Protein chains: 2
Amino acid sequence: MDVKQAIEILTKKGYKTTGRRKDILAFFEQADGYRTAKDLLQFMEEKYEGISPDTVYRNLHLYAEMKILENTELNGEKHFRMKCTTHHHHHFICSSCGKTKEINVCPMEEVENKLPDYRIEDHKFEIYGLCPSC
Amino acid sequence: MDVKQAIEILTKKGYKTTGRRKDILAFFEQADGYRTAKDLLQFMEEKYEGISPDTVYRNLHLYAEMKILENTELNGEKHFRMKCTTHHHHHFICSSCGKTKEINVCPMEEVENKLPDYRIEDHKFEIYGLCPSC
DNA sequence: TATCATATCGTAATCATTACGATTTGTAAA
DNA sequence: TTTACAAATCGTAATGATTACGATATGATA
């Protein structure tokens with residue numbers, strides 16, 4: 001997912017493309033990993049002095065709902081990153097810098113066979129630790 | 001993990017066995033699944049009128065730190081349950097009632113081979129959905 | 001350029017969690 | 001059993017993240 005694709009989704013669903021929305025997307029595009037709401041708020045405050053926290057959180061939720069961002073809990077805080085648009089996969093997440101590495105292992109097929117009477121709606125498979133540079 | 005084992009751990013590490021601590025453990029022993037801090041607080045207030053929220057949260061963290069409880073995020077809220085003491089495994093978690101089902105699938109060996117330069121510290125593999133009764 | 005629904009602001013409210021001094025209470029030694 | 005003391009809890013306030021909301025500003029479309 002990049003800024004261009006995200007804006008297309010917004011437009012198609014009838015949402016407006018404002019400067020703040022574009023800058024939030026740009027922040028995550030260049031972020032290369034998971035970032036907190038606070039990180040984003042600080043970034044936005046540099047350009048938009050006195051920006052309302054409401055604006056930041058509202059758009060974070062909007063983007064998560066529209067599958068433009070994905071989120072996870074890291075060190076007790078919610079973190080966000082651009083959603084991957086390629087094939088299904090999971091991530092190693094560096095708990096120090098938030099960078100991720102794609103992991104192409106998913107045991108869900110095996111698991112589904114073991115849960116015949118359950119309705120499976122979602123799953124999470126994440127590996128945490130330190131990346132080579134941290 | 002049951003109440004008896006948990007109290008042994010507390011005692012061994014020099015923590016006191018208070019009525020409140022025993023009742024918190026009893027709550028999770030009979031809970032059979034994940035419960036929120038609020039669930040626990042409500043339960044405790046029935047018996048201990050005017051109990052301080054500090055007491056509840058402090059002990060939740062103490063138990064999590066001592067590996068008596070494990071926790072996860074469910075519907076945006078932290079949930080806790082008694083820690084499993086058997087062999088390593090993962091869980092299906094019902095997002096409606098919080099009940100869990102043991103899943104004996106773990107692909108970490110395969111994953112470790114793919115991350116030679118990374119320090120792996122933890123991993124999470126959880127399946128979410130509805131259990132047969134929900 | 002005018003219109004209008006949407007987005008944002010400014011600020012306050014909410015909610016979960018944490019902090020802290022005062023008081024109470026297990027625990028272990030006398 | 002009593003005493004002594006560190007640990008636990010209370011009562012209450014502070015904190016911090018998030019959400020709410022009426023007023024105002026601003027994209028998008030005609």
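First the proteins, then the strands, lettered A, B, ... as listed; each starts at 1. Keep in mind it's a predicted model, so treat the numbers as computed, not measured.
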**OP:** Give, ordered by number, those residues of residues 62-71 of chain A having at least one heavy-atom distance below 4.0 Å to an atom of DNA chain C; if nothing qualifies, reply none.
**Re:** none
**OP:** Kindly state which residues belonging to residues 11-26 of chain A come within less than 4.0 angstrom of DNA chain C, counting heavy atoms of the residue only, listed by number.
**Re:** A/Y15, A/K16, A/T18, A/R20, A/R21
Length of the line joining [X]:[atom1] and [N]:[atom2], which is rounded to integer Å:
X: A/N59; N: D/dT18; atom1: CG; atom2: P; result: 14 Å
X: A/Q42; N: D/dG16; atom1: CD; atom2: P; result: 13 Å
X: A/D39; N: D/dT18; atom1: CG; atom2: P; result: 11 Å
X: A/L10; N: D/dT26; atom1: CG; atom2: C1'; result: 16 Å

Subject >> Rounded distance [0.5 Å steps], CD in A/E70 versus NZ in A/K83 >> reply: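 One finds 5.0 Å between CD of A/E70 and NZ of A/K83.
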Any luck finding a side-chain donor-acceptor pair between [X] and [Y] under 3.5 Å?
X: A/E65; Y: A/Y63; result: no
X: B/Q5; Y: B/T85; result: no
X: B/N104; Y: B/H87; result: yes
X: A/R58; Y: A/T55; result: yes
X: A/H90; Y: B/H123; result: no
X: A/R20; Y: A/N59; result: no

Original post:
In the 5'-to-3' direction, what one-character label does each nucleotide of nucleotides 10-21 of chain C receive under the scheme B = base within less than 4.0 Å of a protein heavy atom, S = sugar-phosphate only, - = no such atom?
Top reply: BB----SBBBB-
Subject >> Shortest non-hydrogen contact between A/G98 and A/I93, atoms and distance >> reply: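 Closest pair (atom of A/G98, atom of A/I93, distance): O-CG2, 4.3 Å.
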Original post:
In terms of ring plane angle, is the pair B/H91 and B/Y34 parallel, tilted or perpendicular, where the classes change at 30° and 60°?
Top reply: perpendicular
Original post:
Under 30°, 30 to 60°, or over 60°: which ring-plane class applies to B/F43 and B/F27, parallel, tilted or perpendicular?
Top reply: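 Ring orientation of B/F43 relative to B/F27: tilted.
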